[in-house]
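Beneath this line is the structure, given in structure tokens, with notes to follow.
Basis for what follows: all heavy atoms, side chains included, without hydrogens, waters or symmetry-related copies. In what follows, every chain begins at residue 1, and chains take the letters A, B, ... in the order their sequences are listed.
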Protein chains: 2
Amino acid sequence: MSLATSSILDETASAQPVEFTPRQEAVLEHALALLVDGGEKALTTAGLARTANCSKESLYKWFGDRDGLLAAVVAYQASKVHFPSEAGATSDAQTYRSHVQAFVTALLEVLFGETSLALNRLSIGQSNKDSNRLGRLLLVRGKHMISARARSLLEAGRHKGFLKFEDAEDAYQVLYGLAVRDVHVRLLLGERATPAEKDLGKQASTAVSRFYSLFGA
Amino acid sequence: MSLATSSILDETASAQPVEFTPRQEAVLEHALALLVDGGEKALTTAGLARTANCSKESLYKWFGDRDGLLAAVVAYQASKVHFPSEAGATSDAQTYRSHVQAFVTALLEVLFGETSLALNRLSIGQSNKDSNRLGRLLLVRGKHMISARARSLLEAGRHKGFLKFEDAEDAYQVLYGLAVRDVHVRLLLGERATPAEKDLGKQASTAVSRFYSLFGA
DNA sequence: CAAAAAATGTACCGTACCGTACGGTTCTAT
DNA sequence: ATAGAACCGTACGGTACGGTACATTTTTTG
């Protein structure tokens with residue numbers, strides 16, 4: 001049984017960090033590069049073997065089949081994304097708000113990055129498969145992780161009296177919508193971001209400002 | 001020169017309604033059905049010819065090549081989507097707000113429909129092509145149309161003193177974000193909507209409520 | 001009703017790519 | 001140093017699909 005089907009795809013054990021050897025990580029890095037410019041069609045087993053200076057046989061030994069390779073790419077990239085955890089519990093209203101704004105900025109940086117866009121395009125393109133491994137992988141190791149992190153941040157704000165809301169998940173969804181709007185989908189469709197949309201700090205600032213208008217205590 | 005490259009793809013003349021013969025529309029309907037369950041891989045020329053009882057030669061005569069067929073499917077579906085225009089200029093605050101809410105509900109109905117999701121998945125999957133015809137097609141005949149419609153609706157509300165904002169496009173983006181959040185992307189990734197997210201009227205209602213908190217006069 | 005235009009269905013070709021096999025090479029451990 | 005494992009590069013089979021050609025049938029038109 002391949003590495004892909006035995007551990008990466010096993011969503012019951014989705015907590016452990018998924019180890020790759022350095023050689024495999026180097027190959028996955030090449031795979032990412034191929035994906036970012038060229039899309040899924042550009043990531044062929046022969047092409048990856050050529051650009052990464054490895055053999056196809058190794059690819060199949062490591063990842064099982066092409067789907068396993070794609071899943072490994074997604075899992076590997078997800079393992080590289082880390083969000084800053086809340087810096088200490090002792091913070092006044094001002095610094096807490098700056099934490100929220102930093103979180104939103106980091107969120108936009110990840111979502112609007114070319115790598116994330118390429119992987120989202122890949123997963124969306126595969127979302128009509130029987131099991132839809134990539135979509136679930138991206139959701140569970142990407143969005144759900146971020147969502148959990150955001151909820152804990154917002155809960156802390158409520159506990160300290162900076163925010164007021166009923167459901168943390170609901171509040172996070174609003175914050176997400178205010179920050180992302182339809183920019184994500186437009187980027188996924190290939191539209192270029194406007195200069196204003198490229199100023200992620202400014203975008204995050206106004207989003208947080210509006211969020212506080214709705215949920216500030 | 002094929003129909004696809006001569007008229008559908010001609011973005012300079014993107015205003016005229018794109019005519020198809022009834023026979024062609026019937027074939028495009030079958031193509032849509034194939035796309036909705038099965039994704040792009042399921043839409044093969046041979047498969048479409050078989051299910052639609054037409055010949056491959058006719059497909060190539062009508063649409064040029066496979067890309068032209070995909071573009072025709074997108075253009076055809078876009079031509080079927082219509083939003084209710086604002087019903088008369090004489091309306092009080094209450095009915096105007098109901099118009100806004102109806103617009104948001106219609107927006108969600110379109111975006112979360114299986115057909116729209118399938119076409120968005122298709123266009124996103126093709127967004128790394130050289131010209132990226134599908135993405136631009138979906139943007140110009142879909143999102144931009146809706147955006148223009150929304151701006152005029154919001155401008156009317158501002159003119160009547162129901163709303164207060166600086167930039168109509170910016171206000172619309174906020175309304176969009178409040179209503180859609182990350183549900184669209186999650187659906188694109190294959191996740192099922194929660195029961196609460198399926199209540200589009202309720203979702204639109206709270207979105208409009210929050211929008212009025214931010215932009216109400 | 002007959003000629004012409006259009007459409008159907010099938011057969012075919014070329015290409016692209018997944019997956020496997022195999023000979024040769026490099027690394028590792030004892 | 002040497003045996004064994006891992007790996008590289010390449011070549012090949014099988015398959016799926018885009019696109020074309022052509023004979024037959026259906027529809028339109030004068």
Ionic contact status for B:Arg121 with B:Asp37, cut-off 4.0 Å: no
Between C:dC17 (P) and A:Leu59 (CG): distance, integer Å: 15 Å
Separation of D:dG19 C1' from B:Leu48 CG (nearest whole Å): 15 Å
Option among A:Arg192, A:Arg186, A:Gln203 that satisfies the side-chain hydrogen bond (donor to acceptor under 3.5 Å, both in side chains) test with A:Glu197: A:Arg186
Output a table of nitrogen or oxygen pairs between the protein and nucleotides 5-9 of chain D separated by less than 3.5 Å.
{"residue": "D:dC8", "atom": "OP1", "partner": "A:Arg23", "partner atom": "NE", "Å": "3.1"}
{"residue": "D:dC8", "atom": "OP1", "partner": "A:Arg23", "partner atom": "NH2", "Å": "2.6"}
{"residue": "D:dC8", "atom": "OP2", "partner": "A:Ser55", "partner atom": "N", "Å": "3.4"}
{"residue": "D:dC8", "atom": "OP2", "partner": "A:Ser58", "partner atom": "OG", "Å": "2.9"}
{"residue": "D:dC8", "atom": "N4", "partner": "A:Glu57", "partner atom": "OE1", "Å": "3.4"}
{"residue": "D:dG9", "atom": "O6", "partner": "A:Glu57", "partner atom": "OE1", "Å": "3.4"}

Flag, side chain of A:Arg133 to backbone of A:Asp67, donor-acceptor distance under 3.5 Å: yes
B:Glu29 with B:Lys80: basic N within carboxylate O range, under 4.0 Å: yes
Between C:dA7 (P) and B:Phe63 (CZ): distance, integer Å: 11 Å
Nearest-Å distance for atom pair CZ/C1', residues A:Arg66 and C:dC18: 9 Å
Results of ring-ring contact (aromatic ring centres under 6.0 Å, His included) for B:Phe215 - residues two or more places apart only: B:Phe211
Identified side-chain hydrogen bond (donor to acceptor under 3.5 Å, both in side chains) partner of B:Ser147 from the options B:Arg149, B:Arg151, B:Lys143: B:Arg151
Separation of atom OH in B:Tyr60 from atom P in D:dG19, rounded to whole Å: 4 Å
Nearest-Å distance for atom pair CG/P, residues B:Asp65 and D:dC17: 17 Å
